[in-house]
Amino acid sequence: MLDVLRLRVLDAVARHGSVTAAARELHYSQPSVSHHLARLEAETGAKLVQRAGRGIRLTEAGRLLADRAAEIIGRLDSASAELAAHVGLRAGRVRLAAFPSALGTFVPAAAVRLSREHPGLDLRLSEAEPPEALAMLRAGHVDVAVAFHYGKTAEPPATVPEEEGVRLTALFDDPSHLVLPATTEPTAAPPAVPRDAPLVAAMPATPPPAVTATSTLASHAGGKWIAGCDRCRRHLLDLCAAAGFEPAIAFTTDDYVAVQAMVAAGLGVTVLPALALSAHRHPGVGTREIPGSTRHVFAATYGEPPDPPATAALLSALVEAVSRPA
């Protein structure tokens, strides 16, 4: 039988790519990590690591076992947290992965609600874009993933595999805005609008948006554009294609603070969701809502219902945070 402790060592080495970093994370000495790897190779009868210059790398067998080790460790950690939560939410741990603008807006409010209602729960937060967050969820590294998808309806796309055990809780719809220098378009963006109530305090009203997304974007067809993360870049390209042009992308960054600074400096225009503008608003930018362009924000859990008590409590805190401002 494989030793779980040694699987943790292999998982750490796989993630960090070195014995030194793995030892630092696990609070072991480097010889201790090397010893556990050697013992694991003896237990499996397979060569798991090999020297590569001054470091090491996993063999094909090592990568295979490391992938399974990550799943096993995630499930063991989940079981430990669920058992602790089952005693009445007096103790235990619950883990959440969310994209940056969610962490910068409603997630802290949800954390406050959770702490107030269940002070014994230990909430762990991780920043991750939707594909990585959902992968962490399926691997058992987190209990809840906050993610989003673009589309005309709130129905999840095929890339969100509910049939594989992922279950979704809709949070709110987040409209897209054209962002440009304030001297060009002196408007202000409203926050994202949840299903039942404002997410954050209302911002100054905006002039009526253009009639169509095409007319909103087409006036900037000849200018430079700034793109974001992979999903946001694809969304920008789709919007511009629908408006009849291909944007000249001059800069790419997934940092919405940097994006707005570039726009304010006149380096280009961009498209951002309202949630990102609620998390940070540069005084030198103006915005115009793009009619019909919305991303749908949801919380995902994994496994058959009902959710463990700690996970259910976190879901409830997220829903309350976007429905009723603290």
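Values below: all heavy atoms of this structure, side chains included; hydrogens, waters and symmetry mates excluded.
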Test Lys47 against Glu41 for side chain to side chain contact (heavy atoms under 4.5 Å, CB included), laying out the working first.
CA-CA 6 Å; Lys47 185 69 174 176; Glu41 288 184 330; 3.6 Å; yes
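- In this structure, Ile290 and His177 have side chains that are not in contact, with every pair of non-hydrogen atoms separated by 4.5 Å or more.
- For the pair Asp307/Arg167, a side-chain contact is recorded, criterion being any heavy-atom separation below 4.5 Å from C-beta on.
- Summarising the geometry of Pro181 relative to Val269, their closest heavy-atom pair is CD-CG1, 4.2 Å, with the distance given to 0.1 Å.
- Heavy atoms from other residues, nucleotides or ligands lying under 6.0 Å from CG of Asp255 number more than 12.
- Among all heavy-atom pairs drawn from Ala21 and Ser18, the shortest one is N-OG, 3.0 Å.
- Side-chain N or O atoms of Gln260 include one that pairs as donor or acceptor with a backbone N or O of His280 at under 3.5 Å.
- With rounding to the nearest 0.5 angstrom, the SG atom of Cys232 is 8.0 Å from the CG atom of Leu272.
- Look at Asp173 and Arg295 and you find no salt bridge, because none of the NZ, NE, NH1 or NH2 atoms lies under 4.0 Å from a carboxylate O.
- Counting only heavy atoms from C-beta outward, the side chains of Tyr150 and Arg234 never approach each other to under 4.5 Å.
- Arg8 is linked by a salt bridge (charged side-chain N to carboxylate O under 4.0 Å, His left out) to Asp77, counting only residues two or more places apart in sequence or in another chain.
- Residue Ser176 holds its OG atom at 11.5 Å from CG of Leu275, rounded to the nearest 0.5 Å.
- At distances below 3.5 Å, not a single donor-acceptor pair connects side-chain atoms of Ser316 with backbone N or O atoms of Ala312.
- Note that CG of Leu180 is 8.0 Å distant from OG of Ser219, once rounded to the nearest 0.5 Å.
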Would you tabulate the side-chain donor-acceptor contacts of residues 60-73 under 3.5 Å, counting partners in other chains and residues two or more places apart, or write 'none'?
unit_1: Arg63; atom_1: NH1; unit_2: Leu58; atom_2: O; d: 3.1
unit_1: Arg68; atom_1: NH1; unit_2: Glu71; atom_2: OE1; d: 3.2
unit_1: Arg68; atom_1: NH1; unit_2: Glu71; atom_2: OE2; d: 3.3

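- Using a 4.0 Å cut-off between charged nitrogen and carboxylate oxygen, Glu129 and Arg231 do not count as a salt-bridge pair.
- The closest side-chain heavy-atom distance from Ile56 to Gln50 is not below 4.5 Å.
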Determine whether Thr59 and Val49 satisfy the following criterion, side chain to side chain contact (heavy atoms under 4.5 Å, CB included), listing intermediate values before the conclusion.
CA-CA 5 Å; Thr59 64; Val49 297; 5.8 Å; no
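- Phe251 has its side chain out of reach of Trp225: every pair of non-hydrogen atoms, C-beta onward, lies at least 4.5 Å apart.
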Which is it for Val107 and Leu125 under the side chain to side chain contact (heavy atoms under 4.5 Å, CB included) test, yes or no, and what are the steps along the way?
CA-CA 9 Å; Val107 168; Leu125 300 176; 4.0 Å; yes
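- Residue Leu217 comes nearest to Cys240 through the heavy atom pair CD1-N, 4.3 Å, listed as atom of the first residue, atom of the second, then distance.
- Here the closest heavy-atom approach between residue Thr252 and residue Arg233 is recorded as OG1-NH1, 3.1 Å.
- No option in Arg138, Arg124, Arg95, Arg93 other than Arg95 meets the salt bridge (Lys or Arg N to Asp or Glu O under 4.0 Å) test with Asp143.
- Side chains of Ser293 and His235: a donor on one and an acceptor on the other come within 3.5 Å.
- Between Arg6 atom CZ and Leu48 atom CG the span is 12.0 Å, to the nearest 0.5 Å.
- Using modelled atom types, one side-chain atom of Ser34 and one backbone atom of Gln30 make a donor-acceptor pair closer than 3.5 Å.
- Side-chain contact check for Leu121 versus Leu114: some heavy-atom pair is nearer than 4.5 Å.
- Distance check: Lys224 NZ to Met262 CE gives 12.0 Å after rounding to the nearest 0.5 Å.
- Phe99 and Phe148 have their aromatic ring centers within a separation under 6.0 angstrom.
- With rounding to the nearest 0.5 Å, the separation of OG1 in Thr169 from CG in Leu318 is 9.0 Å.
- Panel note: side chain His282, backbone Gly284; a donor-acceptor pair is recorded below 3.5 Å.
- The two atoms that bring Ala110 and Ala321 nearest to each other are N-CB, 3.7 Å, heavy atoms only.
- With Ser32 contributing its side chain and Tyr28 its backbone, the two residues share no donor-acceptor pair below 3.5 Å.
- Residues Ala274 and Asp174 share a closest heavy-atom pair of N-OD1, 3.2 Å.
- Residue pairs satisfying the salt bridge (charged side-chain N to carboxylate O under 4.0 Å, His left out) criterion with at least one member in residues 14-28, sequence neighbours excluded, are listed as follows: Asp11-Arg15, Arg15-Glu25.
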Would you check, one step at a time, whether the test side chain to side chain contact (heavy atoms under 4.5 Å, CB included) holds for Val144 with Tyr302?
CA-CA 8 Å; Val144 179; Tyr302 187 83; over 6 Å; no
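- Pro247 has its side chain within reach of Leu237: a pair of non-hydrogen atoms, C-beta onward, lies under 4.5 Å apart.
- Taking the side chain as every heavy atom from C-beta outward, His296 and Phe172 never approach each other to under 4.5 Å.
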